[in-house]
2 protein chains.
Amino acid sequence: MPTTPQRPDPRTRPNPGRRSERSRAAILRATRELVSEVGYPRLSIEAIAARAGVGKQTIYRWWRSKGAVVFDAFLALSEGADGVVLPDTGDIEADLKEVLRATVAEFADPVFEAPIRALNMEVAGDPELAAQYRERLAAPVDEAKKERLRSAQRAGQIRADADLDLALELLYAPLYQRWLLRSAPLTPEYADALVEHVLRALRP
Amino acid sequence: MPTTPQRPDPRTRPNPGRRSERSRAAILRATRELVSEVGYPRLSIEAIAARAGVGKQTIYRWWRSKGAVVFDAFLALSEGADGVVLPDTGDIEADLKEVLRATVAEFADPVFEAPIRALNMEVAGDPELAAQYRERLAAPVDEAKKERLRSAQRAGQIRADADLDLALELLYAPLYQRWLLRSAPLTPEYADALVEHVLRALRP
DNA sequence: TGAACAAGACGAGACGGTCCGTCTCGCATA
DNA sequence: TATGCGAGACGGACCGTCTCGTCTTGTTCA
């Protein structure tokens, strides 16, 4: 053992301790702006570096692909709200309708539309990003939703042996698919119908 | 009216009657091969033209984007089976389980995996392709599925006033989402559980 | 009827661009 | 002294457009 034992890969890995927070923030900010302006497909690393006033190498040093940068850029926005809590009035049907109507509204908002779509396309094509997406974004939100369903189970509004993961998919996947493939318009009425149908499957 | 009336756009539109079927087939074949070999993101028009023994202009003359070529390349495969008919043994639960298990198997097949994923990412990002996708691929298949559900309605196994479009989404969107985002493994047992839950919502 | 002609799609590839990812430069920060 | 940094040069891959000369097809006229 001639050299230091604890050294994973010193020739490739940069030292995170010396990383410039100023540059990191400028890159993520420029990325968000450019995705909104030109859309994800026409977004380029060159343009991000130029807009952020940063060398290209600084981007390649810390991210492994354009998709990873975009992912971090929008993840940073959503991660602030970690304490996700859903409404719980005691009426599971009313609460779910409110949450799904809010989701419909969010998908319809042109400000969110472009970035979310870009993020989803990237996640669909990159298994590693997909894993990060699940861990850092989907998992906490899903846990909050399942907690609300558990509350409904305790209140006897949902079968005690219901598979909550499947329940979540039944609630959100149709919404997500309509939006992603633009197969049909997303309306509040649709959200209501969806909740009513899924609850019929989940009730005792 | 000095010139011929029936002339939509002679300076830009080529004449489909003079199109080379040989070149068209070679392009679609080369596209299918290359998508399988290098994946969709690394697929280039130049490579397609070279592999097909065709001038680049011949591709740009008939397709408006790389995505459109890929779309046609794989659409041509699926369109042969126009007379889509689903099994109808009289037992809607058994029939749906069989169909959904088949879908799960198809998604798991590595031969289909890459192209279908490429196609879906392209469709998600291009509204015009999405419209074509719905018309030429989704619509006929969905109609066959709805016909099977109508048969179940007549047999009294499904509520007469059920929204069949929503029913289809409840059945397939969760499957589709699991596969697209790789959020959980797709198994035959999952297909069965999905059918059982959805039918609970649809029964009279 | 058949030779001459015109139109247009074709294979090939040159062309100016954009962007890629890698690689030096000094600089400055620790 | 080491290392991240901004800047940008560099070769290469593709882009989408364009110009060639060729080949096919339909029309005209001897």
Side-chain angles (χ1 to χ4, degrees), chain A residues 3-4 6-31 33-35 37-70 72 118 122 125-126, chain B residues 3-4 6-31 34-35 37-70 72 118 122 125-126 128:
Chain A
T3 51
T4 45
Q6 196 74 354
R7 194 182 49 171
D9 212 341
R11 69 204 116 95
T12 62
R13 292 288 192 77
N15 179 354
R18 312 195 60 145
R19 182 172 188 177
S20 163
E21 172 57 27
R22 173 182 179 76
S23 294
R24 181 186 154 276
I27 288 165
L28 296 183
R29 173 189 175 83
T31 300
E33 292 176 2
L34 285 167
V35 166
E37 291 172 22
V38 307
Y40 178 76
R42 280 207 294 265
L43 176 70
S44 73
I45 301 278
E46 304 238 355
I48 296 174
R51 171 78 60 105
V54 141
K56 288 199 293 175
Q57 190 65 28
T58 300
I59 299 181
Y60 286 109
R61 186 178 298 121
W62 300 109
W63 288 275
R64 60 184 190 76
S65 72
K66 168 176 120 176
V69 182
V70 173
D72 270 13
E122 197 60 31
D126 186 333
Chain B
T3 51
T4 45
Q6 195 75 353
R7 194 183 51 168
D9 212 341
R11 69 204 118 96
T12 62
R13 292 288 190 78
N15 179 354
R18 314 198 60 156
R19 182 172 187 178
S20 163
E21 172 57 27
R22 174 183 179 76
S23 294
R24 182 185 154 279
I27 289 165
L28 296 184
R29 173 189 175 82
T31 300
L34 286 167
V35 165
E37 291 172 22
V38 306
Y40 178 76
R42 280 207 295 264
L43 176 70
S44 74
I45 301 279
E46 303 237 356
I48 296 173
R51 171 78 60 102
V54 141
K56 287 200 292 175
Q57 189 65 29
T58 301
I59 299 181
Y60 286 109
R61 186 178 296 121
W62 300 109
W63 288 276
R64 60 185 192 77
S65 72
K66 167 177 120 176
V69 182
V70 173
D72 269 13
E122 197 60 30
D126 185 333
E128 190 162 326

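Atom set for the values below is all heavy atoms of this structure, side chains included, hydrogens, waters and symmetry mates excluded. Order of the sequence lines fixes the chain letters, A, B, ..., with proteins taken first and strands second; residue numbering starts at 1 for each chain.
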Task: Whether Lys66(B) side chain and Ile45(B) backbone form a donor-acceptor pair below 3.5 Å - done: no

Task: Distance test, side-chain N/O of Ser23(B) to OP1/OP2 of dG11(C), below 4.0 Å - done: yes

- [ ] Check every atom of dG4(D), dT22(C), dC19(C) against the side chain of Ser44(A) and return the nucleotide holding the closest atom.
- [x] dC19(C)

Task: Phosphate contact (dG4(D) OP1 or OP2) by Ser20(A) side-chain N/O below 4.0 Å - done: no

Task: Minimum-distance nucleotide (side-chain atoms of Val54(B) versus dC18(D), dT3(D), dG11(C)) - done: dG11(C)

Task: Evaluation steps, salt bridge (charged side-chain N to carboxylate O under 4.0 Å, His left out), between Arg51(B) and Glu37(B) - done: CA-CA 12 Å; Arg51(B) 171 78 60 102; Glu37(B) 291 172 22; 2.9 Å; yes

Open item on the list: Between Trp63(B) and dG16(D), is there a contact of a side-chain N or O with OP1 or OP2 at under 4.0 Å?
Closed with: no

- [ ] Determine: side-chain N/O of Arg18(A) to OP1/OP2 of dA30(C), distance under 4.0 Å, yes or no.
- [x] no

Open item on the list: What's Arg19(A) touching, base or sugar-phosphate or nothing? Going by heavy atoms closer than 4.0 Å.
Closed with: sugar-phosphate

Open item on the list: Within 45 degrees of the ring normal and closer than 6.0 Å to the centroid, is that where the cationic atom of Arg13(A) sits relative to Trp62(A)?
Closed with: no

Task: Side chain of Lys56(A) - closest among dC5(D), dC23(C), dG21(C) - done: dG21(C)

Open item on the list: Side chain of Thr58(A), heavy atoms from C-beta onward: which of dG4(D), dA9(C), dG6(D) has the nearest atom to it?
Closed with: dG6(D)

